[in-house]
Asks: 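Sharing a structure below in structure tokens format, with a few things to ask.
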Amino acid sequence: MHLTVTVNGEQREGDVEPRLLLVHYLRDVLGLTGTNVGCDTSSCGACTVLFDGESVKSCTVLAVQADGAVVTTVEGLSSGDLHPVQQAFRENHGLQCGYCTPGMVMAAVSLLRENQAPSEADVREGLEGNLCRCTGYHNIVKSILAAARMPGATEVPA
């Protein structure tokens, strides 16, 4: 099937297998390996991307469903300097092993776009679909609360 999708501000076009998942299209076809495959069951959120501005687990979306859509991966958040959410993760040690971090960052951007002044409970609820196997949510939550106070935390480059 033919697919035209805007990924990180760049229009991409080509033929894909109808069963190809968006996460595999991003990683294997486009080479955007920042989006991780964590569980293949949609429970961990390591593959979270922004799909027309909303966070989705890209392992639950077929690539062909993205036809005509705008997709932003963690690579698309910044062009040089870190995005404020990435900077907050760095400054508050919200990284741990880092495997879940891209999904956490994308979920955080989406959360902050919906709620620019979240409480700690709001952040914890907003992250329920993202698992950190290092089990250290304290610094991740701290990072997102810090990002909420930073200018530009809700912005996504076009």
Asks: Does the side chain of V156 reach to within under 4.5 Å of the side chain of R113, using non-hydrogen atoms?
Replies: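 Answer yes - side chains close enough.
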Asks: How close do T48 and M106 get, counting heavy atoms only, and between which atoms?
Replies: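 Taking T48 first and M106 second, the nearest heavy atoms are O-CG, 3.4 Å.
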Asks: Measure across A108 and F89 and return the closest heavy-atom pair with its distance rounded to 0.1 Å.
Replies: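 What the structure gives for the nearest pair is CB-CE1, 4.4 Å.
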Asks: Going only through I, L, V, M, F, W and Y residues with side-chain contacts under 4.5 Å, is there a path from V74 to L22?
Replies: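 No, V74 and L22 fall in different hydrophobic clusters.
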Asks: Can you tell me how far CG of L32 sits from CZ of R27, rounded to the nearest 0.5 angstrom?
Replies: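 The CG atom of L32 is 9.5 Å from CZ of R27, to the nearest 0.5 Å.
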Asks: Between T6 and R12, does the side chain to side chain contact (heavy atoms under 4.5 Å, CB included) criterion hold? Intermediate values first, please.
Replies: CA-CA 6 Å; T6 302; R12 303 296 189 109; over 6 Å; no
Asks: Between H2 and E13, do the side chains contain a donor N or O and an acceptor N or O under 3.5 Å apart?
Replies: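 Per modelled atom types, E13 and H2 side chains form a pair under 3.5 Å.
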Asks: May I ask you to decide if D122's main-chain N or O and S119's side chain share a donor-acceptor pair within less than 3.5 Å?
Replies: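 Yes, S119 side chain to D122 backbone: donor-acceptor pair under 3.5 Å.
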Asks: Between S58 and V49, what is the shortest heavy-atom contact and its length?
Replies: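 Shortest heavy-atom separation between S58 and V49 comes out as CB-CG2, 4.0 Å.
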Asks: Quick check: does any side chain N or O of N139 sit under 3.5 Å from a backbone N or O of H93, one acting as donor and the other as acceptor?
Replies: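 Yes, because the side chain of N139 sits within donor-acceptor range (under 3.5 Å) of the backbone of H93.
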Asks: Compare every heavy atom of Y137 with every heavy atom of L131, then report the nearest pair and how far apart it is.
Replies: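 For L131 versus Y137, the nearest heavy atoms are CA-OH, 3.3 Å.
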Asks: In this structure, are over 12 heavy atoms from other groups packed under 6.0 Å from E91 atom CD?
Replies: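 Yes, because the 6.0 Å sphere around CD of E91 holds more than 12 heavy atoms from other groups.
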Asks: Indicate yes or no: does R124 engage E128 in a salt bridge with an N to O separation below 4.0 Å.
Replies: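 Judged by the 4.0 Å cut-off on N to carboxylate O distance, R124 and E128 do not form a salt bridge.
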Asks: Does one hydrophobic cluster hold both M1 and L26, with members joined at side-chain heavy-atom distances below 4.5 Å?
Replies: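 The answer is yes; both residues are in one hydrophobic cluster.
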Asks: Any side-chain to backbone donor/acceptor pair from K57 onto G129? Under 3.5 Å, distance only.
Replies: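 Looks like yes, one N/O pair under 3.5 Å.
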Asks: Judged by modelled atom types alone, do N8 and T73 share a side-chain donor-acceptor pair under 3.5 Å?
Replies: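 Side chains of N8 and T73: pair found under 3.5 Å.
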Asks: Answer yes or no: is there a donor N or O on one side and an acceptor on the other, between the side chain of E75 and the main chain of T33, under 3.5 Å?
Replies: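 Here the side-chain-to-backbone pair exists.
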Asks: Would a 4.5 Å heavy-atom cut-off, applied to side chains only, mark S110 and L50 as touching?
Replies: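 Answer yes - side chains close enough.
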Asks: Okay, side chain of H83, backbone of E155: is any donor-acceptor separation there less than 3.5 Å?
Replies: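 Yes, H83 side chain to E155 backbone: donor-acceptor pair under 3.5 Å.
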Asks: Could you check whether any side-chain heavy atom of E54 comes within less than 4.5 Å of a side-chain heavy atom of E114, counting everything from C-beta outward?
Replies: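 E54 vs E114: side chains touch.
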Asks: From Q86 CD over to T101 OG1, what is the distance, rounded to the nearest 0.5 angstrom?
Replies: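 Rounded to the nearest 0.5 Å, the CD-OG1 separation comes to 10.0 Å.
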Asks: With no hydrogens and no angle check, is any side-chain donor or acceptor of Q96 less than 3.5 Å from a backbone partner on G136?
Replies: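 Indeed, once roles are kept as given, a pair shorter than 3.5 Å links the two residues.
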Asks: Check whether any side-chain N or O of Q65 sits under 3.5 Å from a backbone N or O of L62 as a donor-acceptor pair, and report yes or no.
Replies: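 Yes, Q65 side chain to L62 backbone: donor-acceptor pair under 3.5 Å.
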Asks: I want to check something: taking the side chain as every heavy atom from C-beta on, are V29 and H24 in contact at a cut-off of under 4.5 Å?
Replies: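 Result no, sub-4.5 Å side-chain heavy-atom pair not found.
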Asks: Does L30 share a hydrophobic cluster with L77, counting links as ILVMFWY side-chain heavy atoms below 4.5 Å and allowing steps through other members?
Replies: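 Different hydrophobic clusters.
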Asks: Hydrophobic clusters here meaning ILVMFWY residues chained together by side-chain heavy-atom distances under 4.5 Å, can you tell me if I140 and Y99 are in one?
Replies: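 As far as the 4.5 Å side-chain criterion goes, Y99 and I140 are not connected within one cluster.
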Asks: So, taking the atom named CG in L20 and the one named CG in D15, what distance separates them when rounded to the nearest 0.5 Å?
Replies: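 Here the interatomic distance stands at 12.0 Å.
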Asks: Do V70 and F51 have side-chain heavy atoms sitting under 4.5 Å apart?
Replies: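 The answer is no; the side chains never approach within 4.5 Å.
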Asks: For the residue pair L112 and A147, what are the closest heavy atoms and their distance?
Replies: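 In terms of heavy atoms, the two residues are closest at CD1-CB, 3.9 Å.
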Asks: Is it the case that the side chain of D67 and the backbone of T4 share a donor-acceptor pair, with hydrogens and angles ignored and the cut-off at 3.5 Å?
Replies: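 Here the side-chain-to-backbone pair exists.
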Asks: Do V37 and L21 share a hydrophobic cluster, counting only Ile, Leu, Val, Met, Phe, Trp and Tyr and linking them when any side-chain heavy atoms are less than 4.5 Å apart?
Replies: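 Yes: a chain of side-chain contacts under 4.5 Å links V37 to L21.
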Asks: Could you tell me whether the side chain of N92 and the main chain of G94 form a donor-acceptor pair under 3.5 Å?
Replies: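 Between the backbone of G94 and the side chain of N92 there is no qualifying donor-acceptor contact (under 3.5 Å).
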Asks: Does D81 have more than 12 heavy atoms from other residues, nucleotides or ligands lying within 6.0 Å of its CG?
Replies: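 Not buried by this count: 12 neighbours or fewer within 6.0 Å.
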Asks: Might you point out which heavy atoms bring L111 and V123 nearest each other, and give the distance in Å?
Replies: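 Taking L111 first and V123 second, the nearest heavy atoms are CD2-CA, 3.8 Å.
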Asks: Output yes when a side-chain donor or acceptor of N36 lies under 3.5 Å from a complementary backbone atom of A46, and no otherwise.
Replies: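 Such a contact is absent between N36 side chain and A46 backbone.
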